[in-house]
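Quick notes on the structure that follows.
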Amino acid sequence: MENDAGAGPPGCQALIDEALSLTDPAGEPYARRLSGYFAPTLKEDPAEAELASHRLMIRAGLIRRLAGGIYTYLPAMLRSIRKLERIVRRALNSRGAQELLMPAVQPLELWQESGRDRKYGPELLRLKDRHGRDFAIGPTHEEVMTDIVRRDVRSFRDLPLNLYQFQTKFRDEIRPRFGLMRGREFIMKDAYSFDTDSESANASYRAMHEAYTEIFTRCGLRFASVEADSGAIGGSFSHEFMVLADSGENTLISCPSCGYAANQEKAELAGYPVARGEESPLARVHTPDQRHVPELAGFLGVPESSIIKSMLFVLEDGGPVLVLIPGDREINLVKLENALAGGRPRLAEPGEALAITGAPPGFVTPVGVRIPVAADRGVEGMLAGVVGTGEEGWHYTGARPGRDFRVDSYHDLALSAAGDPCPRCGGPVEVRKGIEVGHVFKLGTRYSEAMGARVALADGTEAPIFMGCYGIGIGRTIAASVEQSHDKDGIVWPMPLAPFEAALLPLQTQNPAVMGAAARLFRDLAALGVETVLDDRDERPGLKFKDADLLGLPLRVTVSERSVARGECELRERATGKVTMLPLETAAAAIRELRDRAL
RNA sequence: CGGGGCGUGGCGCAGUCCGGUCAGCGCGGCUGCUUUGGGAGCAGUAGGACGGAGGUUCAAAUCCUCUCGCCCCGACCA
């Protein structure tokens, strides 16, 4: 855009040019002027965005949508991405991990070899080349990584090894949403560790867990590391890193007294209170129109926990199974799937329930059924429960498992809730919401065995390599940061992830004294390595303030006729709103110090 | 994939039920003058043929059919 600096005094333009020429060691400029900088801000909320981070990232000129779940990162966003990548690199490199870059396009054969071709299903974006050969766009890189290692790693002497990359992944999500929070195309840092044995693999896992803790701490995020289910990636154990935010899609259980934390899907639950009742004979009771637990409990005058909910599930690779759980409890589908080993369970349709058990919805009974029966441990000690009879309008009271009906197996199947006993210390747990930004898995030998990645051991025999894999969603982490830290006016960046550290606002660009002072400050800040944008646009103060709040850089420095007359500038901290007047001569140094303290 | 909502200048929307009077409003853009510490005022100006394709009709943004896309709620994930 325009090349002069308003009505600056002689030398003003030279100072600005000097500032603009300074770069960090990676070649990234410390300073930018807002005029001509491609960060188009929007005055109104975009119709497509619901979630705060999504809305604000669009409004602040950080991202633009190209197609569903596919976004362009505009210059300011890319700066934040690079910063996060630098934080991640430092943490991984210092632990001996080595960066490489694998292809995004992968031969489908690799996926057939690991068997994940089928398991990933339509989420794996497939394509054919001109010869008709099958490829996929990598949703993750275990296969390629394993392939690379099996070709060139032959001996235990080559291990341990930890390789990582920053890669654009593609997952054809059923429903992309919330902007960068769940995109189809996204940048992921994925690392893979290779060890000769399980103990060494554990050490690699611990090192990565530690690296992740360091990374998210450095980012200035409030987060928790929780025990997690290992899901589709497979493997023996895993932790998720959750950024705490009310809008998070994940629920996590944590114990303030002992520090236990787990994804709600995974959280163990045992020994919670149920109404056991007193041993009594099975009795058939008329319960007209009492279909749901709360009404039924009220009607019978018993606590909800003494009602035994009978739910019919159909397993993905198996038949039906009847699942019993106390009436005041919710079923945890992940735990159920893991307990039953028959693939993913699905709640039977009312019609199916009728066909399989002969009972109308709400009156399914475990009494006399011929299909397998699995129950939550809460049911185990019940002496007098309430169950259906299989007949509309009638329930049994006094039902006792083992005496009145068969239970084939007891498991931990219930969803943890606030106040439940902690599985470690028994203290009451808390429930919080989080955004999953990182996930570490101990994979074991699942991939190395399937794909023949083996090494020679010291004793001359060969064994499969023990693997681990570790991911961080780069865009998601930044979106999560915005989600965790914003207000009605815009984003409130933590210093380490902010696209720039300071915004410099000369309020009267036509005033030579103001522009002169701003240009000097701009140069001084850049020279001190403070990343600064100069709002040199000839706009009214109000607009500049609004835009500054929206973009949310941590420090805002205002230079105006008023302040310059007193030889000062105004420093405002975005997060706290705290305002300090600084002498112009020493402002740059003071701002730098403030920046350094926040990093 | 099931359920709900929506596609009209760059952005946000009205108009659609009850075809014609319809292509409109706010913001933004551009020009000029005034203004300059919290999204300025006035005047002027450019810009869309109503997601796309068929159809009904003298006449379609509006009715019908098909189709594409987007957003939200559910089952998956960094």
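Order of the sequence lines sets the chain letters (A, B, ...), proteins ahead of strands, with each chain counted from 1. What you see is a predicted model; the values in this text were computed from it and never measured.
- Nucleic acid contact class of A/Asn250 (heavy atoms, under 4.0 Å, all strands): base.
- In this entry the distance linking NZ of A/Lys546 with P of B/C27 reads 16 Å, nearest Å.
- Comparing A/Met181 and A/Phe545 along RNA chain B, the residue whose closest nucleotide (by nearest heavy atom) sits nearer the 5' end is A/Phe545.
- Between A/His209 and A/Phe241, the distance from one ring center to the other falls under 6.0 angstrom.
- Atom CZ in A/Arg177 sits roughly 15 Å away from atom C1' in B/C70 (whole-Å rounding).
- Between A/Ala49 and A/Pro46, the residue anchored nearer the 5' end of RNA chain B, judged by the nucleotide with its closest heavy atom, is A/Pro46.
- Partner of A/Ile591 under the side-chain contact (heavy atoms from CB on, under 4.5 Å) criterion, chosen from A/Leu555, A/Thr532, A/Leu504: A/Leu555.
- Evaluation of the side chain to side chain contact (heavy atoms under 4.5 Å, CB included) rule for A/Ala503 yields A/Leu505, A/Val533, A/Leu553 as partners, not counting sequence neighbours.
- Ring-base stacking between A/Phe186 and B/A78 is satisfied, the centre separation being under 5.5 Å and the plane angle under 30°.
- Across the C1' atoms, B/G26 and B/C71 are found 23 Å apart, a figure rounded to whole Å.
- Across all non-hydrogen atoms, the minimal contact from A/Leu347 to A/Leu312 is CD1-O, 3.6 Å.
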- Task: Please assess A/Phe186 against A/Leu180 for the test side-chain contact (heavy atoms from CB on, under 4.5 Å), listing each intermediate value before the final yes or no.
- Result: CA-CA 8 Å; A/Phe186 59 98; A/Leu180 259 38; over 6 Å; no
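- At the heavy-atom level, A/Phe178 lies under 4.0 Å from the strands shown only through sugar-phosphate atoms.
- Pair assignment for B/C11 gives B/G26, based on Watson-Crick or G-U wobble hydrogen-bonding distances that are each under 3.5 Å.
- A/Glu240 comes within contact range of no nucleotide atom at all, as no heavy-atom separation falls under 4.0 Å.
- Around CD of A/Glu48, the count of heavy atoms belonging to other residues, nucleotides or ligands within 6.0 Å exceeds 12.
- Scanning residues 63-82 of chain A for heavy-atom distances under 4.0 Å to RNA chain B yields A/Arg65, A/Ala67, A/Gly68.
- Across all strands shown, nothing is found opposite B/G47 as a Watson-Crick or G-U wobble partner with both distances under 3.5 Å.
- Taking a pair to require two hydrogen-bonding distances under 3.5 Å in either a Watson-Crick or a G-U wobble arrangement, B/C17 remains unpaired.
- The CD atom of A/Glu44 sits 13 Å away from the P atom of B/G29 (whole-angstrom rounding).
- Here the side chain of A/Lys169 pairs no donor or acceptor atom with the backbone of A/Ile137 at under 3.5 angstrom.
- Taking every heavy atom of both residues into account, A/Ser225 and A/Ala261 meet most closely at O-CB, 3.6 Å.
- As rounded to whole Å, 10 Å separates atom C1' of B/C77 from atom NE2 of A/His439.
- Across all strands shown, A/Glu561 has no heavy atoms under 4.0 Å from either base or sugar-phosphate atoms.
- Comparing B/G29 with B/C11, their C1' atoms sit 12 Å apart, to the nearest whole Å.
- For the pair A/Asp549 CG and B/G37 P, the interatomic distance rounds to 17 Å; values are reported in whole Å.
- The residue A/Asp547 sits close to a base: some heavy atom pair falls under 4.0 Å.
- B/U56 and B/G12 have their P atoms separated by 35 Å, with the value rounded to a whole Å.
- Using a 4.0 Å heavy-atom cutoff across all strands shown, A/Gly473 reaches at least one base atom of the nucleic acid.
- The partner of B/U62 is absent, by the rule that a Watson-Crick or G-U pair needs both atom distances under 3.5 Å.
- Here the P atom of nucleotide B/G39 and the CG atom of A/Leu550 are 15 Å apart, to the nearest Å.
- Considering every non-hydrogen atom in both A/Pro176 and A/Glu173, the closest pair reads CD-O, 3.8 Å.
- When all heavy atoms of A/Arg329 and A/Ala417 are compared, the closest pair comes out as NH1-N, 4.4 Å.
- Nucleotides B/G52 and B/A60 are separated by 16 Å at their C1' atoms, to the nearest Å.
- Dashed line: the shortest gap from a side-chain N or O of A/Arg540 to OP1 or OP2 of B/A40 is under 4.0 Å.
- Cation-pi geometry between A/Arg79 and A/Phe500 is satisfied (NZ or CZ under 6.0 Å from the ring centre, within 45° of the ring normal).
- Proximity of A/Lys43 to the phosphate of B/G39: no side-chain N or O atom is located under 4.0 Å from OP1 or OP2.
- Annotation: B/G48 and B/A23 have their P atoms spaced 14 Å apart (nearest Å).
- Aromatic ring centres of A/Phe441 and A/Phe237: separated by at least 6.0 Å.
- As judged by a 4.0 angstrom heavy-atom cut-off over every strand, A/Arg556 is placed among the base-contacting residues.
- A/Leu221 places its CG atom 18 Å from the P atom of B/A78, with the value rounded to the nearest Å.
- Under the Watson-Crick or G-U wobble criterion, with both distances below 3.5 Å, B/G74 is paired with B/C1.
- When both pairing distances are held under 3.5 Å, B/C33 makes a Watson-Crick or G-U pair with B/G41.
- A distance of about 9 Å separates the P atoms of B/A49 and B/G10, rounded to the whole Å.
- As judged by a 4.0 angstrom heavy-atom cut-off over every strand, A/Gly179 is placed among residues making no nucleic acid contact.
- Smallest separation of non-hydrogen atoms from A/Glu268 and A/Asp412: CA-OD2, 3.4 Å.
- Annotation: B/C42 and B/G28 have their P atoms spaced 12 Å apart (nearest Å).
- Between the side chain of A/Gln508 and the base of B/G37, no donor-acceptor pair of N or O atoms lies under 3.5 Å.
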Check: protein-nucleotides 1-10 of chain B nitrogen or oxygen pairs below 3.5 Å:
none

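- Straight-line distance from the CE atom of A/Met188 to the C1' atom of B/A78: 6 Å, rounded to whole Å.
- The separation of B/G55 from B/G19, taken at their C1' atoms, amounts to 15 Å, rounded to a whole angstrom.
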